[in-house]
Amino acid sequence: MKRIYMDHSATTPTDPLVVEAMLPYFTEKFGNASSLHFFGQEAAEALEQSRKQVAYLIGARPEEIIFTSGGTESDNLAIKGIAYQNSGKGKHIITSVIEHPAVLNTCAHLEKDGFEVTYVPVDSDGILDVAELENAIRDDTILITVMHANNEIGTIQPITEISKISKEKGIYFHTDAVQSVGKIPVDVNELGVDLLSISSHKIHGPKGVGALYIKKGTLIQAIAHGGEHEARLRAGTENIPGIVGFAKATTLAKERLAVDSKHLTELRDLLIKKVLDSIGHSYLNGHPTKRLPNNANLRFSFIEGEAMLLSLDMKGIAVSTASACSSRSLEPSHVLKAIGLRPEDAHGSLRFSLGKDNTREEVDYVVESLAEVVRKLRDMSPLV
Amino acid sequence: MKRIYMDHSATTPTDPLVVEAMLPYFTEKFGNASSLHFFGQEAAEALEQSRKQVAYLIGARPEEIIFTSGGTESDNLAIKGIAYQNSGKGKHIITSVIEHPAVLNTCAHLEKDGFEVTYVPVDSDGILDVAELENAIRDDTILITVMHANNEIGTIQPITEISKISKEKGIYFHTDAVQSVGKIPVDVNELGVDLLSISSHKIHGPKGVGALYIKKGTLIQAIAHGGEHEARLRAGTENIPGIVGFAKATTLAKERLAVDSKHLTELRDLLIKKVLDSIGHSYLNGHPTKRLPNNANLRFSFIEGEAMLLSLDMKGIAVSTASACSSRSLEPSHVLKAIGLRPEDAHGSLRFSLGKDNTREEVDYVVESLAEVVRKLRDMSPLV
Amino acid sequence: MYSEKVMEHFSNPRNVGEIEDADGVGRVGSPSCGDTMDIYIKVKDGIIADVKFRTFGCAAAIASSSMMTEMAKGKTIEEVLEITRDDVADELGGLPEAKMHCSNLASDAIRAAIEDYLEKQSHKKDNSR
Amino acid sequence: MYSEKVMEHFSNPRNVGEIEDADGVGRVGSPSCGDTMDIYIKVKDGIIADVKFRTFGCAAAIASSSMMTEMAKGKTIEEVLEITRDDVADELGGLPEAKMHCSNLASDAIRAAIEDYLEKQSHKKDNSR
Ligand SMILES: Cc1ncc(COP(=O)(O)O)c(C=O)c1O
Ligand SMILES: Cc1ncc(COP(=O)(O)O)c(C=O)c1O
């Protein structure tokens with residue numbers, strides 16, 4: 001069966017050029033970067049070269065990049081690292097209601113550990129309320145963590161506005177840029193953040209690798225203990241092939257950003273227009289323009305998302321309900337609830353996340369198939 | 001230059017069969033195992049199949065295996081996971097003085113967090129003193145963590161003796177089996193442990209993957225927070241290619257164990273005999289027989305290890321001083337200190353860790369080169 | 001994730017629809033929880049002569065509804081009332097733990113339809129008294 | 001990790017050995033710390049006419065010793081005393097942070113040798129008084 005993948009926010013295929021870049025580091029240049037001999041030094045050089053490439057993508061310096069095992073670990077390290085380092089100064093953290101579980105559950109863990117967390121709401125378009133955030137700041141606020149772009153509805157948050165405030169108040173500011181990197185420009189200096197999380201597998205790099213940008217001079221505590229790797233902030237033998245692949249993916253992402261984002265925006269807008277035009281009682285979730293070029297989160301009344309997803313899957317089309325992580329749970333998405341959807345509407349939403357290799361023909365086929373699926377499920381629905 | 005790699009305890013080349021097994025999971029079967037569609041289910045199946053393979057290697061059940069980003073993370077998860085879960089019962093932990101930094105530094109971190117840790121000594125052969133360990137047990141002891149085989153001197157610890165004691169006293173027992181797996185039989189039931197750490201890159205699998213065995217019914221706390229992956233104990237999108245490669249490596253390790261360990265033991269004994277016979281003032285560190293088949297840790301009076309290492313490197317031979325992790329530090333190895341070596345003798349030690357592809361000819365060349373290097377450095381030494 | 005049987009019933013659900021002059025109707029679940037089932041039955045001589053459903057819900061909910069209607073059709077009311085909550089899941093070759101409530105929902109739905117039928121019957125008797 | 005210059009001096013160290021009738025000898029470091037250097041000097045008309053070393057230590061220690069002897073040879077005592085601790089590392093094209101003490105050790109060693117020489121000289125003067 002021909003298969004169409006429109007779930008790039010969950011993960012992306014690794015680019016063949018990335019795999020090619022990784023290959024020598026499995027079998028030939030396989031050294032441990034801590035070893036002093038030739039094999040080790042070869043690995044250490046690859047590591048530092050990769051650090052430069054990743055730093056370059058986001059306008060950082062190489063020494064500001066810590067490699068991790070993925071976006072989740074980067075978020076954990078950033079938030080716990082700042083929290084434990086600064087708990088003497090204060091124990092209050094501000095975040096948003098629409099963060100990824102990697103941030104929300106880390107915050108929840110810190111709450112059990114004596115920290116207080118304020119969850120700032122978003123408007124019905126899914127954009128954070130900056131005034132509310134400013135109001136939430138207290139004398140003991142040590143960290144603000146707000147995502148750059150949301151993984152479910154793709155909305156882009158006012159990071160530069162927030163960083164102005166955080167700088168003024170002398171509060172550390174972390175952003176989870178896992179979804180935005182490679183789709184919109186991400187420059188740590190323009191954004192004005194102190195810490196920023198990235199994940200390799202969302203930008204056509206391998207799974208199991210990520211990075212945390214830590215602005216020079218920002219002290220954080222390690223959360224994994226062991227050897228003295230990664231400036232003593234992340235113990236464990238470095239995953240050199242993974243890191244080399246990640247670095248290659250960042251380089252490709254940087255080169256392709258302009259072309260890709262134009263292509264994705266066109267496809268996204270085409271998909272949204274066609275769906276809204278051809279399927280009754282369908283709606284777009286999230287802000288119409290302040291959203292990732294590749295995200296279309298659509299809502300269909302009277303029917304349920306998983307049933308749509310699996311029906312589309314039988315037609316070879318891969319999409320997602322809410323985020324991949326929460327798609328096994330029965331709770332409607334916290335993000336869709338946060339933008340004010342009724343539970344039954346949240347349950348009836350689908351996320352289409354496009355990739356650079358998707359085509360207009362695929363969009364046509366997807367919309368046709370979707371119309372059929374929606375019709376069939378509505379025929380079965382007692383709510384119509 | 002022909003290069004001879006004898007640093008397999010630091011890391012191993014990934015087996016070409018392992019790379020082959022991984023390849024489809026980068027570009028074709030690239031799904032996120034949490035996704036409900038075809039791509040996701042394909043990944044989820046690979047994940048569960050891999051879990052079975054890894055479990056099989058160590059005689060565990062699939063549901064007792066948690067995938068991590070490596071040995072360091074496994075050690076952190078095991079020790080912190082048990083400590084925080086059981087801190088209500090007690091805050092005392094017992095370990096040995098010769099553990100890997102992943103264990104020692106995790107224990108040190110817990111000490112800062114209000115736990116007490118007893119470090120049990122080893123004898124001059126590098127074997128843990130079980131009587132001392134038994135004496136160290138207190139009413140509030142919640143965890144014993146002792147490595148299966150040491151990474152520097154290769155000594156094999158009396159794990160079954162310890163597990164008898166831990167069971168009697170109802171204390172959780174974790175072992176770091178990162179170095180023993182694939183070299184000697186490792187069966188969780190025979191060893192009688194509750195938790196056991198493994199790392200992929202030490203057994204010809206890819207870097208950046210590991211596993212923690214957690215005996216059914218053993219409750220531990222998560223240390224990374226986020227999505228509901230890995231029985232909610234390890235958040236983060238699963239590194240499917242890495243996990244598939246790791247699983248393949250465990251299968252190969254199991255198949256090859258008998259042949260490999262025989263080959264390695266022969267080479268090791270040949271290397272030790274030739275060195276001790278042909279180089280004056282040379283000694284073996286650690287127990288002569290209770291040691292990994294692939295480890296020869298040798299000591300040369302009057303000269304320093306790094307100088308030997310780099311001289312050998314110039315002859316194309318890769319070995320290590322102490323563990324790769326600590327080889328950049330100036331402190332002599334804590335393991336060699338623990339077996340009673342004077343600092344200058346600890347500084348003069350080299351670790352040769354053999355791999356299945358090493359040959360007798362390589363051993364001959366290494367011993368010849370070593371003799372030359374030792375002679376040259378001794379000519380330069382004021383201590384001779 | 002789902003058994004083949006579940007996927008088969010989900011993609012080709014049996015007995016979808018309404019029965020205009022149903023003898024009993026059951027509605028369980030609520031849209032805000034993510035699933036709602038309507039089950040319609042036609043009873044003849046104490047036997048479920050016809051049964052149809054409409055379901056808003058996930059694949060498991062739809063498959064459970066379909067399977068339930070198949071299991072009920074042609075059986076006596078007493079037999080149908082003996083179908084336990086797990087039976088539907090078992091017939092479907094199992095359901096993921098998180099989806100077991102769908103099996104429950106389906107058996108609850110047909111029970112509700114039968115209760116509706118029995119209540120209407122007793123009203124009829126009342127009225128005819 | 002090391003510069004080419006370090007590796008070059010490490011693999012081909014200059015001036016290795018002892019001077020039997022040295023005018024001054026300096027020993028610094030201690031085996032238990034991982035490095036010890038012995039430096040021997042021969043002084044003629046206030047100039048370091050010959051210098052040799054023996055070193056127990058890492059590659060950086062050996063290279064620093066070698067470089068130090070090269071830098072000292074042919075210079076006046078005053079010139080050599082002006083060589084700072086960092087100069088040896090600089091001449092070697094830099095040393096890793098953790099190895100900077102090797103550069104220090106080398107300059108300390110030659111200083112110790114010169115002090116030994118000067119002390120012996122003053123004894124000689126004392127004796128000849
Ligand atoms: C916004 C966001 N943050 C964090 C993560 C976690 O990243 P990873 O899957 O690399 O752990 C994801 C992806 O699942 C994400 O979309
Ligand atoms: C005994 C032991 N434990 C733990 C580790 C850490 O494993 P990893 O490098 O996979 O983090 C190592 C290897 O460095 C080791 O030898």
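Letters A, B, ... are given to chains in the order of the sequence lines, protein chains preceding strands, and every chain is numbered from 1.
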Contact winner vs chain B - D/Ala60, D/Pro31, D/Ala59, heavy-atom pairs under 4.5 Å: D/Pro31
Polar contact flag, side-chain donor to acceptor under 3.5 angstrom, D/Asp35-D/His101: yes
D/Pro96 versus chain B, the contacting section by heavy-atom distance below 4.5 Å: neither
Exercise: do B/Asn297 and B/Arg351 side chains pair donor with acceptor under 3.5 Å: no
Max heavy-atom pair count under 4.5 Å with chain D, selected residue of B/Val384, B/Ile303, B/Leu377: B/Ile303
Chain D contacts, top residue of B/Pro343, B/Gly348, B/Gly305 (heavy-atom pairs, under 4.5 Å): B/Pro343
Residues D/Thr84 and D/Asp87: side-chain donor-acceptor under 3.5 angstrom: yes
Under 4.5 Å from a heavy atom of chain D, the part of B/Met314 involved: side chain
Which atoms of B/Asp345 approach chain D - backbone, side chain, both or neither, heavy atom under 4.5 Å: neither
Short side-chain donor-acceptor distance under 3.5 Å, D/Ser122 and D/Glu119: no
Between B/Asn151 and B/Ser9, a side-chain donor and acceptor under 3.5 Å: no
Proximal component of D/Ala61, with respect to chain B [non-hydrogen, under 4.5 Å]: neither
Step-by-step ring-ring contact (aromatic ring centres under 6.0 Å, His included) determination, B/His281 to B/Phe302: CA-CA 9 Å; B/His281 298 283; B/Phe302 320 129; 5.1 Å; yes
Pick from D/Asp38, D/Thr55, D/Val16 with the largest number of heavy-atom pairs that fall under 4.5 Å of chain B: D/Thr55
